[in-house]
Amino acid sequence: MLQVKIIRDEKQRILTGLRKRNWQGAQLKVIDQIIALDDDRRATQKELDDLLAEQNRVAKQIGQLMGQGKKDEAENAKSGVAAMKEKSKEREEQLESIKSRLEDLLYSVPNIPHKTVPKGKTPEENKVFRAWKGELPTLPAEAKAHWDLAKDYNLFDLELGVKLTGAGFPVYRGQGARLQRALIQFFLDEAVKAGYEEIMPPHLVNEATARGTGQLPDKEAQMYTCERDNLYLIPTAEVPVTNIMRDEIVPEKNLPIKMTAYTPCFRREAGAWGAHVRGLNRVHQFDKIEIVQIEHPDRSYETLQGMLKHVMGLLKKLELPYRILLLCGGDMGFASAKTYDFEVWSAAQQRWLEVSSVSNFETFQTNRMQLRYRDADGKIQLAHTLNGSALALARIVAALLENNQTDEGIRIPKALQKYTGFSMIKR
RNA sequence: GGAGGAGUGCCAGAGUGGUUGAAUGGAGCGGUCUUGAAAACCGCCGUACUCGUAAGGGUACCGGGGGUUCGAAUCCCUCCUCCUCCGCCA
């Protein structure tokens with residue numbers, strides 16, 4: 001959520017930013033509506049405060065008169081209070097209504113893209129930030145996609161998932177399950193080595209938490225809900241982990257705060273099904289290791305680059321061909337100011353699969369969350385939040401299986417072998 | 001799940017209807033003293049909104065929400081959380 005103050009002070013920059021997200025014409029009027037409503041809010045607030053101040057004054061006066069034993073005068077002073085109370089009640093209701101309308105409008109405005117974010121409407125207009133420099137692996141004609149390999153080697157079973165739960169809930173087994181566990185362990189170890197504190201958060205969160213990172217109200221349809229208890233299954237560890245710092249004021253010297261967590265991720269992916277979502281390409285439950293940083297605004301873009309390096313390191317160790325995209329304004333997530341996507345090459349499918357998304361949210365989340373730091377002058381400022389997948393398992397597994405298939409079995413990258421305990425998946 | 005108790009500032013902990021945003025202590029920050037440090041002493045030490053160029057005002061907040069009252073941290077209702085005991089249980 002953007003700060004009203006910034007919308008007021010830097011209106012032109014905000015409008016320019018929204019245009020980069022392909023907002024136009026009537027849509028942009030929201031900004032003027034917000035400013036007008038905020039004017040209203042201030043005026044109403046002032047009226048209410050003045051009324052309350054007067055009531056406080058009378059109450060104090062009555063207190064003093066009572067103290068002096070002047071009962072009659074005290075009774076006298078009470079006349080007129082009722083009318084004032086009625087009026088302030090009215091103003092208060094007005095103020096509540098204005099505030100809630102204002103909040104609704106603010107929730108509808110996405111984050112402003114960073115100045116380095118390219119223009120564009122569709123994923124096709126994303127910029128290749130770092131192309132794969134080597135050769136892409138080529139496989140013999142009889143090479144199989146990962147869903148077929150899974151059957152050959154008994155690695156995971158989607159039909160079985162349907163039996164237990166429904167479509168999109170894979171059951172991993174045998175060497176497949178072991179591979180999952182190995183990847184989780186590997187990614188967590190790497191993150192801890194890079195200075196992130198390991199966190200094991202709850203997999204269900206309440207409404208305030210879902211609101212803090214922006215899942216509510218924008219992406220409600222993406223989450224599984226437990227209505228009876230008013231809880232949400234997390235779509236990513238970002239949600240509980242970032243919210244650890246909600247409503248905190250941290251000393252500047254504690255920044256950056258670096259946290260990592262492995263969690264399963266649950267996504268409804270409503271309406272996202274199509275021909276290209278076979279196998280593990282898109283599932284409702286997958287495993288992901290997330291890295292999160294709370295950073296000083298002056299350093300957050302440097303930190304973003306650092307997070308890219310971390311993810312690059314992981315992919316290198318997994319020996320997977322990858323490329324990095326800089327997302328254009330039209331393809332970026334609602335809350336992000338700048339996002340890089342990582343894609344790995346899936347050799348059997350002959351396509352790139354997104355395995356990580358690394359973003360700087362600037363103050364968009366911290367404003368909602370009231371996550372702030374105290375600077376050297378003692379002033380309280382909103383911190384920046386960043387996060388990235390490091391990494392999302394399902395598609396990594398897909399690429400790993402496909403790219404490394406040989407006549408003898410499926411080769412495990414060296415870095416992973418000490419975690420799997422085997423160097424080759426065999427029948 | 002049942003019974004009882006409790007939720008106050010960064011922490012500990014007073015406060016049971018009237019100038020209480022909240023005693024006191026600790027921590028922290030600044031200063032005096034000291035070669036330096038400690039101790040001692042002095043001062044500062046909440047957040048948000050709002051009016052104001054500023055100085056400085058105003059309002060709200062003592063777990064959340066609602067109510068009673070001229071006036072609520074203090075009384076009432078409700079929800080949440082924590083603690084103790086019992087039950088159940090990986």
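Convention: sequence-line order gives letters A, B, ...; per-chain numbering from 1.
Checked against side chain to side chain contact (heavy atoms under 4.5 Å, CB included), A/Ser336 has the following partners two or more places apart in sequence or in another chain: A/Met332, A/Thr339, A/Ser359, A/Phe361. In this structure A/Arg374 satisfies the side chain to side chain donor-acceptor pair (under 3.5 Å) test with no other residue, sequence neighbours excluded. Under the rule for a salt bridge (Lys or Arg N to Asp or Glu O under 4.0 Å), the partners of A/Glu319 that lie at least two apart in sequence or sit in another chain are A/Arg411. Under the rule for a side chain to side chain donor-acceptor pair (under 3.5 Å), the partners of A/Asp375 that lie at least two apart in sequence or sit in another chain are A/Gln381. Checked against ring pair (Phe, Tyr, Trp, His ring centres under 6.0 Å), A/Phe286 has no partners two or more places apart in sequence or in another chain.
Pair assignment for B/U47: B/A60, on the basis of Watson-Crick or G-U wobble contacts that are both within less than 3.5 Å. Nucleotide B/A6 forms a Watson-Crick or G-U wobble pair with B/U81, both donor-acceptor distances falling under 3.5 Å. Base pairing analysis places B/G1 opposite B/C86; the two distances defining the Watson-Crick or G-U wobble pair are each below 3.5 Å. For B/U69, there is no paired base (Watson-Crick or G-U wobble, both distances below 3.5 Å).
In the region residues 81-105 of chain A, proximity to RNA chain B at under 4.0 angstrom, judged on heavy atoms, holds for A/Val81, A/Lys85, A/Lys89. Less than 4.0 Å separates RNA chain B from no heavy atom of any residue of residues 197-215 of chain A. Contacts between residues 50-63 of chain A and RNA chain B, counted as heavy-atom distances below 4.0 Å, involve A/Leu52, A/Ala53, A/Asn56, A/Ala59, A/Ile62, A/Gly63.
Note on ring orientation: taking the six-membered ring where Trp is involved, the planes of A/Phe334 and A/Phe364 are perpendicular (angle over 60°, cut-offs 30° and 60°). Ring geometry for A/Phe266 versus A/Tyr224: interplanar angle over 60°, hence perpendicular rather than tilted (30 to 60°).
Here the separation of B/A14 from B/G25, taken at their P atoms, is 15 Å to the nearest Å. The C1' atoms of B/U74 and B/A3 are separated by 27 Å, rounded to the nearest whole Å. Atom name P, nucleotides B/G67 and B/A72: the rounded distance is 12 Å, in whole Å. Look at the P atom in both B/G65 and B/A23: the space between them is 23 Å, to the nearest Å. Using P as the reference atom, B/G4 and B/C77 are 14 Å apart when rounded to the nearest Å. As rounded to the nearest Å, B/U69 and B/C75 have C1' atoms that lie 10 Å from one another. Straight-line distance between the C1' atoms of B/G66 and B/G26: roughly 37 Å, to the nearest whole Å. B/G43 sits 29 Å from B/U59 when the C1' atoms are compared, rounded to a whole Å.
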Please tabulate, one pair per line, all N/O donor-acceptor pairs under 3.5 Å involving side-chain atoms of residues 157-166 of chain A, not counting sequence neighbours.
unit_1: A/Asp157; atom_1: OD1; unit_2: A/Glu159; atom_2: N; d: 3.0
unit_1: A/Asp157; atom_1: OD1; unit_2: A/Leu160; atom_2: N; d: 2.9

Report, one line per pair, each donor and acceptor closer than 3.5 Å where one atom sits in a side chain of residues 244-251 of chain A; sequence neighbours left out.
unit_1: A/Arg246; atom_1: NH1; unit_2: A/Thr209; atom_2: OG1; d: 3.0
unit_1: A/Arg246; atom_1: NH1; unit_2: A/Asn243; atom_2: OD1; d: 3.1

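Within the nucleic acid shown, A/Leu48 has no heavy atom closer than 4.0 Å to any nucleic acid atom. Within the nucleic acid shown, A/Gln370 has no heavy atom closer than 4.0 Å to any nucleic acid atom.
On the nucleic acid side, RNA chain B has its first and last nucleotide under 4.0 Å of a heavy atom of chain A at B/G18 to B/G71, going 5' to 3'.
For the side-chain contact (heavy atoms from CB on, under 4.5 Å) criterion with A/Leu2, the lone passing option out of A/Thr363, A/Ile31, A/Val109 is A/Val109.
Side-chain N/O atoms of A/Thr116 and A/Lys338 include a donor and acceptor closer than 3.5 Å. Side chain to side chain, A/Tyr232 and A/Asn206 fail the donor-acceptor criterion of an N or O pair below 3.5 Å.
Residue pairs meeting the salt bridge (Lys or Arg N to Asp or Glu O under 4.0 Å) criterion with at least one partner in residues 413-427 of chain A, sequence neighbours excluded, do not occur; the list is empty.
Not one N or O on the side chain of A/Ser300 forms a donor-acceptor pair closer than 3.5 Å with the backbone of A/His384.
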